[in-house]
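Whatever order the structure lists them in is the order used to number ligands and atoms, beginning at 1. All heavy atoms count here, side chains included; hydrogens, waters and symmetry mates do not.
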Amino acid sequence: ALEAIPLFSDGENEPFQAYAVFEDITRQKEAEAALKESERRYLLAQIAGGVGIWDWHPKTEHLFWDRSCWVMLGEEPEDCILCYDDWRDRVHPDDIVRVEEEIGKDIAEDEGFSVEFRLRTANGDWSWINGRGRVVERDGDGQITRVMGTHTKIHERKLAELAFQAEHEALLSKNLELRLLAKVFTHAFEGIVIAGRDGTIVKVNEAACRISGYESHEMVGRNARMFLSGDQSDAFYAELWKSLRRNGSWSGEVWNRRKDGTKYCEAITIGAVLNQSGKTQHYVGWISDITAGKEQQRRLEFIANYDNLTGLPNRKLLGEKLSRALVDAKRHGQIVGVAYVDLDGFKEVNDSLGHDAGDTLLKVVAGRMKSCLRSNDTVARFGGDEFVVVLTSLREASGAIPMVERLLKATDIRGAFGRSESRVSASIGITFYHPSSGDEPDQLVRYADQAMYEAKLMGKNRYHVFDPVQDNALRDRHSMLRRIQTALDENEFVLYYQPKVNMRSGDVLGMEALIRWNHPEQGLLAPGSFLPGVESAPIGDKISDWVIEAALAQMSAWGKEGVWLPVSVNVSGHDLQREDFVGRLRGLLEKYPDVPAGFLSLEVLETSAIGDMEHAGSVISACAAMGVDFALDDFGTGYSSLAHLRRLPARTLKIDRSFVHDMLVDADDLMILEGVMGLASAFRRQTIAEGVETVAHGEMLLDLGCDMAQGYAIARPMPAGEVKLWVAEWRPYRAWYERTPLSSKWIPVLVAAVYHRAWMCQALDGLMGKGAGHLPAYDLCRFGTWVRDDARALLQSDEEFSEISRMHRKVHELADGLIDRIDHVPGEKRQRQVDVFLRSSDQLLGYLRAVITREIYGHSEEQEIGYLNPQVSS
Ligand code: C2E
Ligand code: CA
Ligand code: CA
């Protein structure tokens, strides 16, 4: 370094003498260069190693990034200072929360931190960075004033790590999926059969073995044709293959043959499995055995629709066939004849020759009537010795007369059973349905009945045609419709509400709205007295809209008082046929936005009258999509309701009150009820019973597994104003509350007990001189069948079993003896014998009571089981 110091001047500021001082600064220079070099080396190393340094001053919010920090993001910054928010903006939005959290936490605990996150690069991509750092300075108050650390570029490593992780997870889940699939395959409840393209079976699961009765190795390698039963036509299989080729799948029901030769019905879905080039490689069939369901359904349909004795359709089925015939007739402009046939002289045969002779005679008459009708006509037994015949597709009324005459001839039977005095004939009343008249099925049967009565009056063994002029029902109908319009205008209709409850838990499930007519002169009218015949008229639609709206308005009003109650409303099958039903319903729901759509449900009546099931089904689905639930009302009363179960996606089946009412005294009704419950569970529907009139009805239903109910024993329909108080106060009966469920193997005991009670009633009638004293004999008794076939397995001890069989035999002997000698025994003695008989019967019921209480309550003390109470002695 050289420093010059001026010493003299010539006065013009020109120096002329100077000293100079020299200093050797080589060291300093070298040190400076070394430092620069070191700094440079350091920076280069940083850049090469992808490490940058940052320096953050939380108080000023200034953040210093060194060049390396910028370079690793591809930037060439002019100003190296940025503020905290700039940094925040550069962090990937998915990472920022986590990063701030981790940094905040580590700083608070005064530990160094290390976080991985993405920063935006110069070209807008993201680069993975590892940020490390720690607090390096605090002020006197302990506030952080400086934090320093590094950024390390970890982009490539992180990407590889993430890719590996994803792959690993995919593998794991694939592995899991495969294991799951294998498990599903082996343990599926449904049978699974996998076959090659030519039908050769490749693999089957356990369920397929169980269903078909073959072992796995007996199936693998053979063609799937091995199961064919020959019940399906070639056309059936052609259709199946067509569907498989076109849609890659087919499902339906097939009757196949098990290894032991028996046939079974399976529901099967076949799917084609394609290889990568889209060609079929395998077929997979999922099968489930629905034979039991089929048979049960067939049996049920038979009990519900046919007369046991003659095998003819019963009253219910006739109603449906007649309705259908009327719909067809209307469409084709044809006439339908309805004939009411009542036998003359039948009672005499029955009384003089006995019940068995009477039964035989009825069977003969039924067969003969059937054989003189055409295949599309129907003859049904209406009860006793009454039959109804429906003659379809008539072009004119007179076309029916030859057939009626044939019926007269067929029923004219003399000298049966080798007795010349036995003679029956028939009195027939007939009426005609003309498409223009619009008569209802019930009405037609009533007219025919009226005409039959005329025929009797005129001397029997003849027919009489109903004369509509005599009947003013038609005229009534028009004035009735006008009057109903006035009732709507004058607001004379009201809704009553009947609770639906869970008997076991005591929960109130909701209310059913039932229409009443507050008639100014006649008082409160039940729907039965004004709705029939009105529903199908245009005004029926208006009533139906009124009912739904009134129910919604009521729910909304209750809601405002803090009571939220679901309400169900009855809709006729006719309503579901309306084109605009869904639209109207939606409109009404929108009018009451505070009422949740799920609180409204609809009970569909007379499903048998539904002509277009497709439409009805889609209406139900559309309503369900809005949240409105459906129940099939009066379920079990018709063939149609069983058949329609598959097609109408309603969530609930409401078991008709006729079965509920009679189930305690009629074993058939009990079996229908039980069958309906079985169907419901097979089709995954819930059941509710209506018409629960006594505590005992409820007990029986609970023991059968039906918890939801409605009926007079719970509450009668009440005005809306009484509902709140009722809901607050209702408690289930003690016998119902949390009653232990009965397992299904005990149900035959209930059926047997009911059968015995019915038998007792019959026996008593015989003893009182009512009826003909005709009792099923000991060896035909269904209680006896139960004792013989099932009782031993259920009873705890041999003594119990032999006691019950002994008692049962004794009751029969007593009854038979009593009835045989009834007329020869003096009154006093007879009373004593009747008492013994009654006591024995009650004793028998007592045994059953003990058996069932032991099952329900787990001990042998006798407990109330209302439906097994000694009904007769009291
Ligand atoms: P449903 O739908 O089967 O209604 C139940 C009927 O059974 C009601 O008669 C109810 O009072 C009665 N009930 C309830 N519990 C018992 C009981 O324990 N024992 C007996 N014997 N009966 C019981 P209701 O109110 O006379 O209604 C009769 C029928 O009229 C209803 O039968 C339904 O089919 C029809 N209906 C009622 N309201 C409406 C409505 O708003 N619209 C339409 N389309 N039909 C309605
Ligand atoms: Ca109902
Ligand atoms: Ca009902």
Electrostatic pair [X]:[Y] at N-O distance under 4.0 angstrom:
{"X": "Asp307", "Y": "Arg315", "value": "no"}
{"X": "Arg446", "Y": "Glu440", "value": "no"}
{"X": "Lys560", "Y": "Asp594", "value": "yes"}

Is the contact between [X] and ligand 1 made by the side chain, the backbone, both, or neither, using heavy atoms and a 4.0 Å cut-off?
{"X": "Asp656", "value": "neither"}
{"X": "Val692", "value": "backbone"}
{"X": "Glu512", "value": "side chain"}
{"X": "Ile543", "value": "neither"}

Evaluate [X] for polar contact with ligand 1, using N/O atom pairs at a separation under 3.5 Å.
{"X": "Asp575", "value": "no"}
{"X": "Glu693", "value": "yes"}
{"X": "Glu603", "value": "no"}
{"X": "Ile515", "value": "yes"}

Look at the aromatic rings of [X] and [Y] and report parallel, tilted or perpendicular, splitting at 30° and 60°.
{"X": "Phe382", "Y": "Tyr340", "result": "perpendicular"}
{"X": "Phe599", "Y": "Trp564", "result": "perpendicular"}
{"X": "Trp736", "Y": "Trp730", "result": "tilted"}

Going by ring pair (Phe, Tyr, Trp, His ring centres under 6.0 Å), name the residues that satisfy it together with His756, two or more places apart in sequence or in a different chain.
Trp759, Phe783

Using the ring pair (Phe, Tyr, Trp, His ring centres under 6.0 Å) criterion, which residues pair with Tyr737? Sequence neighbours excluded.
none

Does any N, O or S atom in [X] come within less than 3.0 Å of the Ca ion (ligand 2)?
{"X": "Asp634", "result": "no"}
{"X": "Glu690", "result": "no"}
{"X": "Ser568", "result": "no"}

Does some non-hydrogen atom of [X] fall short of 4.0 Å from ligand 1?
{"X": "His661", "value": "no"}
{"X": "Gly528", "value": "no"}
{"X": "Gln710", "value": "no"}

Glu512 atom OE2 and Asp633 atom OD2 as seen from the Ca ion (ligand 2), angle to 10 degrees
170°

When you draw lines from the Ca ion (ligand 2) to OE1 of Glu603 and to OD1 of Asn570, what angle lies between them, to the nearest 10°?
90°

Atom indices of ligand 1, in the order listed, that fall short of 4.0 Å to a heavy atom of [X]:
{"X": "Gly711", "result": "15 (N), 18 (O)"}
{"X": "Pro717", "result": "11 (O)"}
{"X": "Asp634", "result": "3 (O)"}

Heavy-atom nearest pair, Glu699 first then Tyr867, reads C-CE2, 3.7 Å

Taking all atoms of both residues into account, what is the closest heavy-atom pair of Ile548 and Leu585, and its distance?
CG2-CD1, 3.9 Å

Backbone of Ala304 reached by a side-chain donor or acceptor of Asn314 within 3.5 Å:
yes

Do Met626 and Arg586 make a side-chain contact, defined as non-hydrogen atoms from C-beta onward lying under 4.5 Å apart?
yes

So between Gln498, Arg716, Arg657, whose heavy atom ends up nearest atom 6 (C) of ligand 1?
Arg657

Of Leu605, Ile714, Val660, the residue with the heavy atom nearest atom 34 (O) of ligand 1 is Leu605

For Glu549, which of Lys591, Lys542, Arg584 qualifies under salt bridge (charged side-chain N to carboxylate O under 4.0 Å, His left out)?
Lys591

